[in-house]
Number of protein chains: 2
Amino acid sequence: MKVVPGGGAAVSGPLSRKLQGFGRLEEADAAALAMVEAGTRLVPSGTDLVREGDRPEGMIAITEGFACRYKLRENGARQIMAYLVPGDVCDFDASVLNRMDHTIGTLSTCRVARVAPEASRDLRARPAVAGGLRMAALVDEAILREWIMNLGRRSAVERLAHLFCELLVRLRAVGLTLGNSYDLPITQLDLADTTGMTSVHVNRSLGELKRAGLIERKGRRLTLTELERLMEMAEFRPNYLHREMPEAA
Amino acid sequence: MKVVPGGGAAVSGPLSRKLQGFGRLEEADAAALAMVEAGTRLVPSGTDLVREGDRPEGMIAITEGFACRYKLRENGARQIMAYLVPGDVCDFDASVLNRMDHTIGTLSTCRVARVAPEASRDLRARPAVAGGLRMAALVDEAILREWIMNLGRRSAVERLAHLFCELLVRLRAVGLTLGNSYDLPITQLDLADTTGMTSVHVNRSLGELKRAGLIERKGRRLTLTELERLMEMAEFRPNYLHREMPEAA
DNA sequence: CGCTTATTTGACTACGGTCAACGCGAGTGG
DNA sequence: CCACTCGCGTTGACCGTAGTCAAATAAGCG
């Protein structure tokens, strides 16, 4: 078994970290996931991992960096529909032999694990892993709904505030936060394409949040000073991100 | 076995009609679905079927009318995240014992079938039905993504145009269209809460579409005259609504 | 250090929201 | 049978949030 680079004992990576949030994993489960995490490749920012029209197989998992699902309009406008952060998995075999209706691409340099269909079957043969993946898919869908709420019924600042709160919770689940701060390795243009705005307006809205003392940004580091007020202004209720565990699978 | 009201032989209802779109159903499958459709109740417009915070079980299916998934903001603003049209099913047991993060309510008078957990298990025991439900869930998710695109990157008229095109395809799949027209039993306020606008602006945008000769409305009946131009203006590509069938399940 | 890519700012525009009034048809009750 | 109400649709005047265009800085990066 491959040793996780840069560490002695295999400290659990974001993958097992995330799935553990949905239920206890066995040693062997964690080992299988660590195996996946060991076989990652570094992908530069702005790379498409899976394109619209493709018929992908197996799975891909992100262990470092931000990726996203997006579509383009004919005029070049981009809309991001989902972020893939460390620990997130796309299970293409769950999509039963279909063509992609959108593209998956990296927003920053990413560490990506591609899981072949066979290995992917082996993973899903583990009840705890399969269950975790199913839960994760449900959460992803809940996030899509919340983003619709965000786009349809929140103002510019509120949208950004809500997004930042969501990311805090999601990144905390994989141990990538420090207090109320985390690395946000994406540009204001990316934020604009996420929140349905222009980068100019994102810039102004960020300024507003900063001036209000709600957030702070130093380099890539985003700090949610005054998290309480931020959550309140965005009406952020994290219930959609947490799934309660079934008593028995 | 109960006879479908109002007809001699059990003409396939929207439920089996829809699932057939994802793969051939056996006689017994169709019969089981017809059984579900026979046990429906009429629900008035504006009724919540399942509320945020509930922990529903079994399934519900719509066989007539429009329902929707929605959330409210504290200020009363509503955002609709999905339409449930005849043939659509919510499988709560697939959501593994979780609380609803949104509400499901009727937008018009609806005929609704509630399927108890046991009956729901029986249905899912039928491979063709289970497969169809899984496909349907994937399509629903694709629709969520397309709605995000709609909200984030399309103008008011484009959003409405896109929505109307989507509904044409979805309703055609259950045989509820006549040429390029169908019944749209919802108000302009509902359309506003769907497209993230105000009812005033929906009204004006509808007027614009009418004046351009792209749509026509007589009572509840919506006709997409000039469907080609409508699709083009909305950049509507129905690929996200169609799933290709697997060779073998 | 020089190039490229991001961020920031300003002036102006426009899309869509707000507020308010009016019309209209379907029910409902006198 | 008519008056009344209620919900929905329609229209107008005005406002404000966010988009557009353009240019100046700042920040990475080879």
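Just so it is clear: chains get the letters A, B, ... in the order the sequence lines come, proteins before strands, and each one is counted from 1.
The separation between B:H201 atom NE2 and C:dG17 atom P is 6 Å, rounded to whole Å. Taking atom CD1 of B:I186 as the reference point, atom C1' of D:dG7 lies 16 Å away to the nearest angstrom. In this structure, A:K218 places its NZ atom 23 Å from P of C:dA6, rounding to the nearest Å. Whole-Å rounding puts the B:R204 CZ to D:dG12 P distance at 8 Å. Going from atom CD of B:E208 over to atom P of D:dT10 covers 14 Å, rounded to whole Å. Whole-Å rounding puts the B:L206 CG to D:dT11 P distance at 11 Å. Straight-line distance from the CG atom of B:L151 to the C1' atom of C:dG16: 14 Å, rounded to whole Å. D:dG19 atom P lies 14 Å from atom CD of B:E158, rounded to whole Å.
With 3.5 Å as the limit, one finds a donor-acceptor pair spanning the side chains of B:Y83 and B:T194.
Considering only side-chain N and O atoms, A:Q188 lies under 4.0 angstrom from the phosphate OP1 or OP2 of C:dT8. At the phosphate of C:dT7, neither OP1 nor OP2 sits under 4.0 Å from any side-chain N or O atom of A:N203. Between A:K210 and C:dT8 there is a side-chain polar atom (N or O) within less than 4.0 angstrom of OP1 or OP2.
Interatomic distance, CG of A:L176 versus CG of A:L167, reported as 11.5 Å (0.5 Å rounding).
The closest donor-acceptor contact from the side chain of A:D193 to the backbone of A:D190 lies at 3.5 Å or more, if one exists at all. For A:E235 (side chain) and B:E74 (main-chain N/O), a donor-acceptor pair under 3.5 Å exists by modelled atom type.
Looking at the side chain of A:A156, the nearest of the listed nucleotides D:dG12, D:dA18, D:dG19 is D:dA18. With C:dG17, D:dT20, C:dT7 as the candidates, the nucleotide lying closest to the side chain of A:T187 is C:dT7. The side chain of B:V200 lies closest to C:dA20 when the candidates are D:dA18, D:dG9, C:dA20.
One cannot find a donor-acceptor pair under 3.5 Å joining the base of D:dT17 and the side-chain atoms of A:R159. The base of C:dT8 lies outside donor-acceptor range of the side chain of A:R217, with no N or O pair under 3.5 Å.
The residue A:S155 sits close only to the backbone: its heavy atoms come under 4.0 Å of sugar-phosphate atoms, none of a base. Using a 4.0 Å heavy-atom cutoff across all strands shown, A:G196 reaches sugar-phosphate atoms only and no base atom.
Ion pair B:D54/B:R99 not flagged as a salt bridge, since none of the NZ, NE, NH1 or NH2 atoms sits closer than 4.0 Å to an Asp/Glu carboxylate oxygen. Using a cutoff of 4.0 Å between basic side-chain nitrogens and carboxylate oxygens, B:E216 and B:K210 are not scored as salt-bridged.
Residues A:R153 and A:L189 each lie close to DNA chain C; by heavy-atom proximity, the contact nearer the 5' end of the strand is made by A:L189. Heavy-atom distances to DNA chain C give each of B:S205 and A:S199 a nearest nucleotide, and the one nearer the 5′ end belongs to A:S199.
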(request) Could you encode protein contacts along nucleotides 25-30 of chain D as a string, one character per nucleotide from 5' to 3', using B for base contact, S for sugar-phosphate-only contact and - for no contact, with a heavy-atom cut-off of under 4.0 Å? (result) ------

(request) For A:D48 and A:Y70, run side chain to side chain donor-acceptor pair (under 3.5 Å): C-alpha distance rounded to whole Å, both residues' side-chain angles, the deciding distance at 0.1 Å, then the answer. (result) CA-CA 10 Å; A:D48 286 342; A:Y70 72 90; 2.7 Å; yes

(request) Apply the test salt bridge (Lys or Arg N to Asp or Glu O under 4.0 Å) to residues B:E158 and A:R73: give CA-CA distance (whole Å), side-chain angles for both, the deciding distance (0.1 Å), then the verdict. (result) CA-CA 12 Å; B:E158 288 170 344; A:R73 287 199 61 173; 2.9 Å; yes

